[in-house]
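The structure appears right after this line, and notes come after that.
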Amino acid sequence: MTDPLITQLSPMPEDWQRALAVVAHPDDLEYGCSAAIASWTDAGREVAYVLATRGEAGIDTLPPEECAPLREQEQRASAAVVGVSTVEFLDHRDGVIEYGPALRRDIAAAIRRHRPELVITLNHRDTWGGTQWNTPDHVAVGRATLDAAADAGNRWIFPELTEQGLEPWDGVRWVAVAGSSSPTHAVDATEGMERAVRSLLEHRAYIEALTDRDPEEYVREFLIGFAREAGKRFGGRPAVTFELFPRAGA
C-alpha cells in the first residue's frame with residue numbers, strides 16, 4: 001500500500017533507444033542500477049558502458065598490474081548478464097581521477113562515439129545521503145559526466161574531437177544519476193532483479209576481498225534491500241532510483 005505522506009517517484013522516460021553509462025570503476029553500475037539496465041535491454045534498447053578506470057586499486061591483496069585485467073574480465077562478464085556487450089575503459093588511474101578538462105574531454109568523446117539520448121552516471125555529490133563520505137573518483141566522474149553531456153554538443157569546447165572525426169552530438173536529452181539521495185524517478189526492478197544479482201556476483205574477486213560473508217547472501221541482501229526501500233516511493237514495487245537532469249535545450 002502506498003503511503004500518501006511519502007512523495008512518489010515518477011517513472012523514468014521510455015521514449016529513447018540508446019543509453020551510455022559512465023562510471024569510475026568496475027562494479028559501480030552493478031551496485032546501483034543493473035536491474036534497470038536489464039529491463040531496458042530486454043525492451044530492445046541499446047546500452048553501452050564506459051569506465052574511467054579498470055579498478056586496479058580496488059583489491060588490497062592484489063597489485064594493480066594483476067588486479068586491472070581481473071577486474072576488467074569481471075566487468076565484461078557482469079555487463080553481459082544484463083545484455084550489455086560494449087564495455088570501454090578510459091584508463092584514468094584508479095583512486096586519483098582528477099576532475100577537469102581532460103576527463104570531460106574523454107567522456108565527451110565517448111558520448112560523441114555512442115550518440116546516446118540517455119546518459120547514466122553515479123552519485124556526484126560529496127556524501128551518500130549525508131551520512132557516508134563519497135569517493136573522489138565517483139564525485140569527479142559524476143560531475144564530469146554531467147558537464148560532458150553538454151560539451152559533446154559544442155564543437156568549440158574540444159575542437160580536437162571534431163578533427164579526430166567525432167562530430168558533435170547534441171542529442172543527449174537526460175542525465176540520470178544513480179545512487180542519489182535526491183531521486184526523482186525510478187524503474188521497476190521486479191523483472192531485472194535476478195539478473196542484477198547475478199551481474200554483481202560476477203565481481204566475485206572484489207566481493208570476496210570486501211566481505212567475509214557468503215557472496216550471494218551479501219549481494220541479495222544489499223540489492224533487494226535497497227530496491228524494497230525505494231519501492232516505498234514507487235507504488236510498493238521494488239525499484240532502482242535515479243535523479244534525472246533534463247539537458248538544457250534538449
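Note that this is a predicted model, so its numbers are computed, not measured.
Counting only heavy atoms from C-beta outward, the side chains of Tyr49 and Thr86 never approach each other to under 4.5 Å. The shortest distance between side-chain heavy atoms of Pro246 and Arg173 does not fall below 4.5 Å. Using a 4.5 Å cut-off on side-chain heavy atoms (C-beta onward), Trp174 and Pro13 make contact. Side-chain atoms of Thr241 and Leu9, non-hydrogen and from C-beta on, do get closer than 4.5 Å to each other. With contacts defined as side-chain heavy-atom distances shorter than 4.5 Å, the pair Ile37/Val84 qualifies. A 4.5 Å side-chain heavy-atom check between Val139 and Tyr99 finds every atom pair outside the cut-off. For the pair Leu51 and His25, the minimum side-chain heavy-atom distance is 4.5 Å or more. No side-chain heavy atom of His185 sits under 4.5 Å from any side-chain heavy atom of Pro11.
Using a cut-off of 4.0 Å between Lys/Arg side-chain N and Asp/Glu carboxylate O, Glu217 and Arg220 are scored as not salt-bridged. Salt bridge annotation for Glu243-Arg125: present, with a cationic side-chain nitrogen under 4.0 angstrom from a carboxylate oxygen. Under 4.0 Å is where a charged nitrogen must lie from a carboxylate oxygen, and between Glu88 and Arg113 at least one such pair does. Ion pairing between Asp94 and Arg54 fails under the 4.0 Å rule for side-chain N and carboxylate O. Taking 4.0 Å as the cut-off between side-chain N and carboxylate O, Arg115 and Glu167 do not count as a salt-bridged pair. A salt bridge does not link Asp170 to Arg112: none of the charged nitrogens lies less than 4.0 Å from a carboxylate oxygen. Under the 4.0 Å criterion applied to side-chain N and carboxylate O atoms, Arg198 and Glu194 are not assigned as salt-bridge partners. Salt bridge status for Arg105 with Asp151: absent, with no side-chain N to carboxylate O gap under 4.0 Å.
Considering every non-hydrogen atom in both Ala148 and Ala108, the closest pair reads CB-N, 3.7 Å. Between Ser181 and Gly129, the shortest heavy-atom contact is CB-CA, 3.6 Å. Of all heavy-atom pairs between Asp28 and Ala24, the closest is OD2-N, 3.3 Å. The two atoms that bring Ala140 and Leu103 nearest to each other are O-CD2, 3.6 Å, heavy atoms only. Contact detail for Thr145 and Val141: the closest heavy-atom pair is OG1-O, 2.7 Å. Taking all atoms of both residues into account, the shortest heavy-atom contact from Tyr206 to Gly58 is CE1-O, 3.6 Å.
Around CZ of Arg213, the count of heavy atoms belonging to other residues, nucleotides or ligands within 6.0 Å exceeds 12. More than 12 heavy atoms of other residues, nucleotides or ligands sit less than 6.0 Å from atom CG of Asp15. Heavy-atom neighbours of Gln73 CD from other residues, nucleotides or ligands within 6.0 Å: at or below the threshold of 12.
Residues Tyr218 and Ile224 are members of one and the same hydrophobic cluster, defined by side-chain heavy-atom contacts under 4.5 angstrom among Ile, Leu, Val, Met, Phe, Trp and Tyr. Residues Val81 and Leu200 do not share a hydrophobic cluster, defined by chaining ILVMFWY side chains whose heavy atoms lie under 4.5 Å apart.
Looking at Arg71 and Thr53, their side chains never bring a donor and an acceptor atom within 3.5 Å of each other. In summary, the side chains of Glu202 and Gln75 do not present any donor paired with an acceptor at a separation below 3.5 Å, with no hydrogens or angles considered. Using a 3.5 Å distance cut-off with no hydrogens or angles, the side chains of Asp106 and His92 do pair a donor with an acceptor. When only modelled atom types and interatomic distance are considered, Thr135 and Asp137 share no side-chain donor-acceptor pair under 3.5 Å. Between the side chains of Glu191 and Ser39, no donor-acceptor pair of N or O atoms lies under 3.5 Å.
When atom types are taken as modelled, the side chain of Glu56 and the backbone of Glu65 share no donor-acceptor pair closer than 3.5 angstrom. Side-chain atoms of Glu117 come within 3.5 Å of backbone N or O of Arg18 as a donor-acceptor pair. Arg143 places no side-chain N or O within donor-acceptor distance of the main-chain N or O of His124, the cut-off being under 3.5 Å. At least one donor-acceptor pair under 3.5 Å links the side chain of Thr41 to the backbone N or O of Ala38. In this structure, the side chain of Ser34 does not engage the main chain of Tyr31 through any donor-acceptor pair within 3.5 Å. Using a distance-only test at 3.5 Å, with no hydrogens or angles considered, no donor-acceptor pair links the side chain of Asp27 to the main chain of Glu30. A donor-acceptor pair under 3.5 Å links the side-chain atoms of Trp169 to the main chain of Pro116, judged by distance alone. Put simply, the side chain of Arg155 never gets that close to the backbone of Pro168: no donor and acceptor are under 3.5 Å apart.
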Go through Cys67 and Leu70 one step at a time and tell me if the side-chain contact (heavy atoms from CB on, under 4.5 Å) criterion holds.
CA-CA 5 Å; Cys67 188; Leu70 172 61; 5.8 Å; no

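In this structure, Arg104 forms no cation-pi arrangement with Phe158, as its terminal cationic atom is not both closer than 6.0 Å to the ring centre and no more than 45° off the ring axis. In this structure, Arg45 is positioned above the aromatic face of Trp16, its NZ or CZ under 6.0 Å from the six-membered ring centre and within 45° of the axis.
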